Amino acid sequence: MIHIRIGDWHKLPVSLSELCINTTLRCGQSFRWKKSSEDEWSMALHGRILSLRQDSEYLHYRAIFPKPTNSLPTPPPSNSEVDEDDTLALIKHYLNLEPNLADLYAQWASADPNFKKKAPNFTGVRILKQDAWEALIGFICSSNNNISRISQMVEKLCVHYGPLIGHIGTQAYHDFPSPSALTGPKVEQHLRQLGFGYRAGYIYQTAVAVAQKEKGWLDALRNPESPVLGIDPKPAGEMIEGGRDGYRRAHEELLALKGVGPKVADCVCLMGLGWGESVPVDTHVWQIAQRDYKFGKGKNSSLTKATYDAVANKFRSLWGKEAGWAHSVLFTADLKTFSGRLVAKVEVKDEVKILKTENEGLVKEETITETAVVSVKKKTKREFEEEEEQVLKVEETTTRKSKRRKIT
DNA sequence: GAGGCACCTGATAT
DNA sequence: AATATCAGGTGCC
């Protein structure tokens with residue numbers, strides 16, 4: 001018999017433009033969130049299963065705690081209020097709810113016409129404050145890979161090497177394994193068997209390297225303005241073109257790990273260590289840079305290390321200290337997962353729901369319906385089934401729009 | 001420094 | 001149906 005304690009649902013007032021979990025949890029920064037029911041996302045975090053729901057006014061959250069079956073000599077006082085406060089603090093920290101996203105979007109939009117054009121259909125994209133170690137391994141898995149398989153690989157790491165936290169229905173939730181859990185002599189071979197490919201060696205070697213460092217080595221590379229939960233922030237120095245000293249030091253240290261190149265190091269800096277100026281340049285971002293920011297010619301005709309730095313510096317000079325955040329909004333807008341489908345953006349005005357389609361570049365409204373249909377044809381069967389309902393809503397809406405057009 | 005290739009795997013496109 | 005290409009790159013020559 002497993003003893004658990006299921007907390008009540010609580011809510012936090014958050015607008016969809018300040019946070020959209022349906023986009024933020026699926027845009028490839030965290031690989032562990034699972035859909036636990038219709039419109040509910042869950043993940044094991046800090047010894048509990050955290051579940052999130054969202055409507056247009058509130059973020060709803062709940063924690064499920066495991067309860068040890070062997071009672072301790074002096075059971076710690078665990079009244080529910082303490083845990084609720086703890087979970088609220090955890091959520092505010094993990095979801096990085098402090099910054100005002102509308103202000104940030106406005107700032108990036110005023111500095112950059114392309115951002116101004118693309119971002120309105122992708123509001124509420126927030127950079128999560130993830131555990132640095134988990135981010136490190138997750139992004140080592142990401143090389144030459146897709147989000148779906150990365151998520152499957154991370155799940156395998158958790159199931160085989162991470163602690164079991166609990167269940168929702170029949171679905172087990174494991175936390176992410178510690179470095180030392182991945183240093184066993186057969187880990188690499190086992191991961192190969194599990195389908196990790198050449199990343200098996202990277203993960204094993206990086207786990208050994210990190211486990212041999214002094215405790216807290218990775219978190220010592222954090223942006224002091226963005227410390228771990230419970231520590232007071234400190235200033236992080238002056239922002240310069242290539243990023244602050246602490247960022248560049250963190251990046252350099254990470255590069256020494258196997259399977260960590262400039263792109264993975266930047267992902268860890270941005271999403272695990274709190275360095276907002278970190279701009280990961282991958283194939284998507286490189287394409288965006290060529291398409292929308294005049295890269296791809298002359299000296300920077302291919303994505304070399306020099307070009308990588310040039311692109312990152314360009315975005316830092318354009319968007320400033322949180323350039324990596326702005327970059328993630330455009331990255332998300334470019335993801336195939338979100339292309340041609342309804343963005344999880346629902347504006348509620350006087351009880352009238354206005355559903356927006358993306359591809360704002362296509363100005364003519366008569367073509368929007370057609371665009372939606374074409375994108376449906378491109379989808380895989382599973383994607384289609386997942387999103388069918390939403391796509392139908394798009395078609396309804398666009399139909400309505402075109403009807404309105406005919407009237408006017 | 002820059003260029004070129006091999007590298008695991010599973011899904012999708014042709 | 002077999003084969004090429006792609007997916008949030010990195011290591012090594």
Side-chain angles (χ1 to χ4, degrees), chain A residues 23-32 122 125 127-128 130 134-157 188-206 209 251-252 254-272 278-291 296 298-312 315 324-325 327-340 374-386:
Chain A
T23 311
T24 299
L25 303 183
R26 300 202 303 144
C27 69
Q29 47 174 324
S30 173
F31 303 105
R32 230 152 42 85
F122 290 88
V125 176
I127 295 292
L128 303 171
Q130 296 182 77
E134 177 176 347
L136 173 58
I137 296 302
F139 286 107
I140 284 177
C141 292
S142 77
S143 78
N144 226 331
N145 209 346
N146 56 70
I147 293 175
S148 169
R149 185 155 79 112
I150 299 163
S151 302
Q152 291 174 47
M153 288 161 70
V154 169
E155 170 72 4
K156 284 175 183 171
L157 284 175
E188 179 174 351
Q189 179 196 329
H190 184 214
L191 294 181
R192 279 266 177 185
Q193 288 175 344
L194 291 173
F196 280 66
Y198 58 81
R199 301 164 197 84
Y202 296 164
I203 292 167
Y204 170 71
Q205 290 178 63
T206 292
H251 194 268
E252 189 181 347
L254 291 169
L255 283 182
L257 299 167
K258 281 291 161 57
V260 180
K263 188 268 174 182
V264 170
D266 270 322
C267 287
V268 177
C269 284
L270 177 64
M271 298 158 200
S278 179
V279 179
V281 182
D282 55 41
T283 54
H284 286 292
V285 176
W286 175 231
Q287 282 170 29
I288 291 169
Q290 293 175 89
R291 189 188 64 206
K299 183 66 199 133
N300 294 317
S301 60
S302 66
L303 186 49
T304 64
K305 177 58 182 150
T307 306
Y308 185 107
D309 292 338
V311 171
F315 288 152
W325 195 330
H327 134 286
S328 297
V329 175
L330 293 189
F331 171 85
T332 302
D334 230 51
L335 272 183
K336 213 192 301 182
T337 318
F338 298 120
S339 74
V374 169
S375 67
V376 168
K377 285 177 184 167
K378 282 182 183 171
K379 285 181 187 309
T380 63
K381 194 185 172 197
R382 206 181 73 217
E383 278 174 339
F384 178 81
E385 284 167 355
E386 275 176 10

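On a predicted model such as this, the values are computed, not experimentally measured, just so you know. A note on names: the letters A, B, ... follow the listed sequences, proteins ahead of strands, and every chain is numbered from 1.
If you check distances only, the side chain of A/R149 does reach the base of B/dC8 with a donor-acceptor pair under 3.5 Å.
A straight line from CG of A/N145 to C1' of C/dC6 spans 11 Å, rounded to a whole angstrom. Here the P atom of nucleotide B/dC8 and the CD atom of A/Q189 are 15 Å apart, to the nearest Å. One interatomic measurement links the two molecules: CZ of A/R199 to P of C/dA7, which rounds to 14 Å at whole-angstrom precision. Atom CZ of A/R26 is separated from atom P of C/dG8 by 13 Å (rounded to the nearest Å). Note: CG (A/L335) to P (C/dA7) measures 11 Å, nearest angstrom. Whole-Å rounding puts the A/F338 CZ to C/dG8 C1' distance at 13 Å. When the C1' atom of C/dC6 is taken as reference, atom CH2 of A/W286 falls 19 Å away, rounded to whole Å. Atom NZ of A/K305 and atom C1' of B/dG1 are 12 Å apart (whole Å).
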Protein and nucleotides 10-12 of chain C: nitrogen or oxygen contacts under 3.5 angstrom:
unit_1 : atom_1 : unit_2 : atom_2 : d
C/dT10 : OP1    : A/G261 : N      : 2.8
C/dT10 : OP1    : A/G261 : O      : 3.1
C/dT10 : OP1    : A/K263 : N      : 3.4
C/dT10 : OP1    : A/V264 : N      : 2.8
C/dG11 : OP1    : A/G259 : N      : 2.8

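Nearest heavy atoms, A/V154 versus A/G138: CG2-CA, 4.2 Å. Across all their heavy atoms, A/L270 and A/I127 have their closest contact at O-CG2, 4.0 Å.
When heavy atoms are screened at a 4.0 angstrom cut-off, A/R192 is found touching the sugar-phosphate backbone but no base atom. Residue A/C27 is classed as a base contact, given a heavy-atom separation below 4.0 Å to a base. Across all strands shown, A/A306 has heavy atoms under 4.0 Å from sugar-phosphate atoms exclusively, and none from any base. Contact annotation for A/Q205: no contact, since no heavy-atom pair falls under 4.0 Å across all strands.
For B/dG3, neither phosphate oxygen OP1 nor OP2 lies less than 4.0 angstrom from any side-chain nitrogen or oxygen of A/T304.
Every residue was checked against the side chain to side chain contact (heavy atoms under 4.5 Å, CB included) condition with A/E252, not counting sequence neighbours, and none meets it. Every residue meeting the side chain to side chain contact (heavy atoms under 4.5 Å, CB included) condition with A/A135, not counting sequence neighbours, appears here in chain and number order: A/F139. Judged as a ring pair (Phe, Tyr, Trp, His ring centres under 6.0 Å), and not counting sequence neighbours, the contacts of A/F331 are A/H284. Judged as a salt bridge (charged side-chain N to carboxylate O under 4.0 Å, His left out), and not counting sequence neighbours, the contacts of A/R32 are A/E134, A/D175. Residues passing the side chain to side chain contact (heavy atoms under 4.5 Å, CB included) test with A/T304, sequence neighbours excluded: A/S302, A/A306, A/T307. Taking the ring pair (Phe, Tyr, Trp, His ring centres under 6.0 Å) definition, one finds that A/H190 meets it with A/H160, A/Y161, sequence neighbours left out. Take A/A310 and apply the side chain to side chain contact (heavy atoms under 4.5 Å, CB included) test, not counting sequence neighbours, and it matches A/F295, A/N300.
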Checklist line | From CA spacing to verdict: side-chain contact (heavy atoms from CB on, under 4.5 Å), A/L191, A/K156 | finding: CA-CA 9 Å; A/L191 294 181; A/K156 284 175 183 171; over 6 Å; no

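Nucleotides C/dG8 and B/dG3 place their P atoms 25 Å apart, quoted to the nearest Å. Rounded to whole Å, the P atom of B/dC8 lies 15 Å from the corresponding atom of C/dC13.
Which of C/dG8, B/dG10, B/dG3 sits closest to the side chain of A/S302 comes down to B/dG3. Closest to the side chain of A/M271, from the set C/dG9, B/dA2, C/dG8, is C/dG8. Of all nucleotides listed (B/dG10, C/dG8, B/dA2), B/dA2 comes nearest to the side chain of A/K299. You'll find that the side chain of A/F331 is closest to C/dG8, out of B/dT9, C/dG8, B/dA2.
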The dot-bracket string of DNA chain B, counting Watson-Crick and G-U wobble pairs with both distances under 3.5 Å, using [ ] for crossing pairs and | for pairs to another strand, is ..|||||.||||||

